[in-house]
There are 2 protein chains.
Amino acid sequence: MMLSRIERVCREKGLRMTGQRRAVAQVLSEASDHPDVEQVYRRAVDLDPNISIATVYRTVRLFEEVKIIERHDFGDGRARFEETGFKHHHHLIDLKSGNVIEFESEKLEQLKREIARGLGYELVGDRLELYGLPIGSDGAGEETDDQ
Amino acid sequence: MMLSRIERVCREKGLRMTGQRRAVAQVLSEASDHPDVEQVYRRAVDLDPNISIATVYRTVRLFEEVKIIERHDFGDGRARFEETGFKHHHHLIDLKSGNVIEFESEKLEQLKREIARGLGYELVGDRLELYGLPIGSDGAGEETDDQ
DNA sequence: GTAGCTGCAAAGGCTTTGCATGCGA
DNA sequence: TCGCATGCAAAGCCTTTGCAGCTAC
């Protein structure tokens, strides 16, 4: 059986691998969206029916601390998660469908650092989301939702 | 007696001016920081001892809806507010002191629009905060706090 | 006078935590 | 074995809301 990337990193970091952590790891490894805790929980239950939502909360916090996942806040009051990627990126939220589109821009990275430096600061973190409406949309669009 | 800018806008929008709303308006007009609800409440009590925190919550929501203040979320789980300015700007949070520095950048505005457009979206909103450490800091800095 | 505003306290949504039990290394 | 992990339920934090009384217009 093949280990998920997250699970591998867990071993490297010496974290105890329980069935529940394995389940959360797999869910987040496979997710291409940005699930919230509730969604992670529902998907994890399919892999390990014993998991509780409290454990999901504890596990995502743990994974975040060792930097194998990232926490996001898209302004709706709950946290969303994704596996840490190789490349720093940001998100554009499609206000019509709720979909999240990832993008990266070296120009943007430079500009952010430049602005911070200009104010006398070393940039150590940032948060950026764009909210947009699809060009050419008539507003009658379809929504996405989760199982 | 001179009306605050916010109070003037309230009248223009036909909002009923109560003592409590006047107090919140004045607090936000005078604030140069980005107070949270608790801080607005404490300052408003000095102007109108009858105000309750529920009213502060209702009032900032109302003011936000008519666009005379803006709501921000600096990642600490509570909302912060500031009077709407003439110019769109963003914030850099000094991680050493907690201070919030405002900045604007036309270059950045252009780049954001350009990125959104490139993804097929019309930019209708955004959120951007930079988190930084003062250059040349030894880490032994002073903190700010509020009355 | 009346619609709208307020205070109070209860409730709501997301998240954390205390405690006794369970389980991985 | 033994300490870390978990489930459950309670609690915490910020925010909203139902309701009865009050007030600006």
Side-chain angles (χ1 to χ4, degrees), chain A residues 1 3 6-27 34-42 44-45 47-66 68-81 146, chain B residues 1 3 6-27 34-42 44-45 47-66 68-81 146:
Chain A
M1 156 203 168
L3 297 184
I6 293 182
E7 200 173 330
R8 188 159 20 88
V9 177
C10 281
R11 291 200 184 287
E12 284 165 13
K13 303 250 180 189
L15 297 181
R16 186 175 288 187
M17 279 313 295
T18 65
Q20 291 91 332
R21 285 183 183 172
R22 235 186 297 276
V24 172
Q26 188 177 332
V27 166
H34 299 73
D36 62 27
V37 167
E38 188 67 33
Q39 292 170 321
V40 172
Y41 170 61
R42 288 200 301 253
V45 165
L47 303 172
D48 180 347
N50 286 327
I51 199 168
S52 74
I53 196 153
T55 294
V56 176
Y57 273 105
R58 282 190 274 236
T59 304
V60 292
R61 178 162 291 278
L62 176 72
F63 285 179
E64 186 193 0
E65 276 161 9
V66 299
I68 55 185
I69 66 174
E70 283 175 9
R71 175 187 301 261
H72 296 294
D73 169 11
F74 293 157
D76 56 1
R78 64 222 131 110
R80 298 172 169 278
F81 300 90
D146 185 41
Chain B
M1 155 200 168
L3 297 183
I6 292 181
E7 201 173 330
R8 187 159 20 87
V9 177
C10 281
R11 290 199 184 287
E12 284 165 12
K13 304 250 180 189
L15 298 181
R16 187 174 287 191
M17 277 316 293
T18 64
Q20 292 91 331
R21 285 184 183 172
R22 235 185 297 276
V24 172
Q26 188 177 334
V27 165
H34 301 72
D36 60 28
V37 167
E38 187 68 33
Q39 292 171 319
V40 172
Y41 170 61
R42 288 201 301 254
V45 165
L47 302 173
D48 181 347
N50 285 328
I51 199 169
S52 76
I53 196 155
T55 293
V56 175
Y57 272 105
R58 282 190 274 234
T59 304
V60 293
R61 178 162 291 278
L62 176 72
F63 284 0
E64 185 195 0
E65 276 162 7
V66 299
I68 56 186
I69 67 173
E70 282 176 9
R71 174 186 302 260
H72 296 295
D73 169 9
F74 293 158
D76 55 1
R78 64 223 130 110
R80 299 173 168 277
F81 300 90
D146 185 41

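Naming convention: chains lettered A, B, ... in sequence-line order (proteins, then strands); numbering from 1 in each chain. Being a predicted model, the structure only gives us computed values, none of them experimental.
Here the C1' atom of nucleotide dT17(C) and the CG atom of L62(A) are 16 Å apart, to the nearest Å. Taking atom OH on Y41(B) and atom P on dT15(D), their separation rounds to 15 Å, with Å as the unit. As a whole-Å value, the separation of F74(A) CZ from dC14(C) C1' is 17 Å. Atom C1' of nucleotide dA5(D) and atom OH of Y57(A) are separated by 19 Å, given to the nearest angstrom. When rounded to the nearest whole Å, the span between CD1 of I53(A) and P of dC8(D) equals 12 Å. Here dT15(C) presents its P atom at 7 Å from CZ of F81(A), a figure rounded to the nearest Å. Whole-Å rounding puts the N50(B) CG to dT6(C) P distance at 11 Å. Rounded to an integer number of Å, the gap from CD of E65(A) to P of dA5(D) is 11 Å.
Taking every heavy atom of both residues into account, G19(A) and D48(A) meet most closely at C-OD2, 3.3 Å. When all heavy atoms of V60(A) and I69(A) are compared, the pair lying nearest together is O-CD1, 3.5 Å.
Side chain of R80(A) to main chain of D73(A): no donor-acceptor pair is present (N/O by atom type, distance under 3.5 Å, no hydrogens or angles). A donor-acceptor contact shorter than 3.5 Å links the side chain of R21(B) to the backbone of R16(B). Without hydrogens or angle criteria, T55(B) side chain to I51(B) main chain gives no donor-acceptor distance under 3.5 Å.
Put simply, R21(A) has a side-chain N or O that comes within less than 4.0 Å of OP1 or OP2 on dA5(D). Residue Q20(B) has no polar side-chain atom (N or O) positioned under 4.0 Å from OP1 or OP2 of dT23(D).
I51(A) comes within 4.0 angstrom of the backbone, heavy atoms only, and of no base.
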Inset, instruction - Go along nucleotides 18-25 of chain C 5' to 3' and tag each nucleotide: B for a protein heavy atom under 4.0 Å from its base, S when only backbone or sugar atoms are that close, - otherwise. - result: B-----BS

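Classification of D76(B) and R78(B) as a salt-bridged pair holds, one side-chain N sitting under 4.0 Å from a carboxylate O.
The side-chain contact (heavy atoms from CB on, under 4.5 Å) search around E38(B) returns D36(B), Y41(B), R42(B), I53(B), not counting sequence neighbours.
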